[in-house]
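Each remark here refers to the structure printed beneath this line.
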Amino acid sequence: MKKHNYIVILVGVCGSGKRSVGEKVAQRLEIPFFDAEKLPLSKALPEGQLPQDVDLEKWLMSIKEIIIAESAKKGCVISCSVLKKEHRLFIADQVDHELDWVFMNGSYEHLIQRAEQTENHDRPASMIKSDFEALEIPKRALTIDIASPEPENIDTILKYLARKYG
C-alpha cells in the first residue's frame, strides 16, 4: 500500500472486536495502535461508562491530541467504544487530518454469544445492553460485519484504505 498517514478510528459496542482488528490493521500498516478506553483518563471510569461532563471533554481532547501527534508522524489506529455523533464530530472538527471511521457492526444476540464464549473479555455480557442503548450508528463510516471472519474484516479495511488513497 502507498505510504499515507492513516488515522483509522474503529468504533462499536464492547465485544465487537475493534481492539483485536485495530491492532492487526495497525500492524499491517506499520503504525501505532491506541485503545482509547485504556488512556490514563479512562482508567478511573466504571466499566462501560464514558467520562461525564468535563471529564468527557478531557477524554475526547486526549484522543484528539493522539490524532494530531500521530498524523504528523506515520498515522495510527484507534479503537473507541460507543462514541455518540456529537463526540465524533467534536474530534473531527478539532483535527486538520482526514479521519477514517470504521463501524464494527453486529447484532445484540451475536455479541452476547461472543461475550459468553470469551473468558478473558474485559466486560461482562450484561454491559453490552447499555452499549447498545447508547449506540449512535455512524452514517459516514466503513461498516464491518463482525460475523465475518476477522482476517476478512482486516482485508476489507486495508482494501478500503488502498482504494481511497491509491
Side-chain angles (χ1 to χ4, degrees), residues 1 4 6-39 42-43 45-51 56 59-60 62-64 66-67 70 75-92 98-165:
M1 288 179 64
H4 180 80
Y6 304 101
I7 302 293
V8 180
I9 305 174
L10 288 86
V11 295
V13 300
C14 74
S16 61
K18 57 194 172 301
R19 182 183 314 137
S20 177
V21 170
E23 288 173 339
K24 291 174 177 108
V25 167
Q27 185 178 42
R28 295 268 299 270
L29 293 173
E30 299 177 353
I31 58 178
F33 170 79
F34 298 93
D35 184 342
E37 294 166 15
K38 302 293 183 195
L39 295 175
S42 303
K43 290 187 188 266
L45 300 175
E47 283 191 24
Q49 301 296 313
L50 287 175
L56 174 60
W59 185 67
L60 293 171
S62 65
I63 295 169
K64 175 201 84 153
I66 289 171
I67 292 170
E70 297 301 325
C76 67
V77 176
I78 302 172
S79 70
C80 292
S81 59
V82 286
L83 287 176
K84 293 188 175 290
K85 180 180 180 180
E86 67 184 282
H87 304 144
R88 294 188 304 269
L89 291 173
F90 175 82
I91 292 170
E98 180 88 23
L99 303 178
D100 290 296
W101 297 92
V102 177
F103 174 55
M104 304 295 288
N105 188 32
S107 72
Y108 176 78
E109 294 77 18
H110 182 80
L111 287 160
I112 289 290
Q113 181 182 21
R114 281 176 66 158
E116 290 171 349
Q117 293 174 351
T118 307
E119 290 179 27
N120 294 329
H121 197 272
D122 54 357
R123 292 188 46 205
S126 62
M127 299 301 290
I128 295 173
K129 183 177 181 186
S130 65
D131 273 9
F132 265 92
E133 290 170 353
L135 178 64
E136 292 180 7
I137 297 172
K139 292 183 176 140
R140 296 180 183 203
L142 171 65
T143 299
I144 297 295
D145 181 358
I146 65 163
S148 298
E150 187 176 271
E152 183 179 312
N153 288 337
I154 294 164
D155 287 343
T156 299
I157 295 168
L158 294 171
K159 286 176 186 175
Y160 166 81
L161 295 170
R163 281 191 307 271
K164 183 174 180 179
Y165 297 104

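- At a threshold of 4.0 Å, the pair Arg88-Glu136 does not count as salt-bridged, since none of the basic side-chain nitrogens sits closer than that to a carboxylate oxygen.
- Panel note: side chain Lys18, backbone Phe103; no donor-acceptor pair is recorded below 3.5 Å.
- In this structure, the separation between SG on Cys76 and CD1 on Ile66 is 7.0 Å, given to the nearest 0.5 Å.
- Separation of atoms CH2 (Trp101) and CG (Leu10) is listed at 10.5 Å; rounding is to 0.5 Å.
- From Ile9, atom CD1 reaches atom CD1 of Ile91 across 5.5 Å, with rounding to the nearest 0.5 Å.
- Taking every heavy atom of both residues into account, Ala36 and Trp59 meet most closely at O-NE1, 3.1 Å.
- Screening residues 139-153 for side-chain hydrogen bond (donor to acceptor under 3.5 Å, both in side chains) gives Ser20-Glu150, Lys24-Glu150 as the qualifying pairs, with residues at least two apart or on separate chains.
- In this structure, the side chains of Gln27 and Phe33 stay at 4.5 Å or more apart for every pair of heavy atoms.
- For Lys164, the NZ atom counts as densely surrounded, since its 6.0 Å shell holds more than 12 non-hydrogen atoms of other residues, nucleotides or ligands.
- Here the closest heavy-atom approach between residue Ile31 and residue Tyr6 is recorded as CD1-O, 4.0 Å.
- Listed here is the closest heavy atom pair of Ile7 and Gly75: CD1-CA, 3.9 Å.
- Between Ser107 atom OG and Phe132 atom CZ the span is 6.5 Å, to the nearest 0.5 Å.
- Smallest separation of non-hydrogen atoms from Thr156 and Leu142: O-CD2, 4.3 Å.
- Nearest heavy atom pair, residue His87 against residue Leu60, reads CD2-CD1, 3.8 Å.
- How far CG of Asp35 is from OG of Ser79: 3.5 Å, rounded to the nearest 0.5 Å.
- The side-chain heavy atoms of Asp100 and Ile157, taken from C-beta on, include no pair separated by under 4.5 Å.
- Interatomic distance, Asn105 CG to Ser16 OG, rounded to the nearest 0.5 Å: 9.0 Å.
- Between Gly15 and Leu111, the shortest heavy-atom contact is O-CD2, 3.1 Å.
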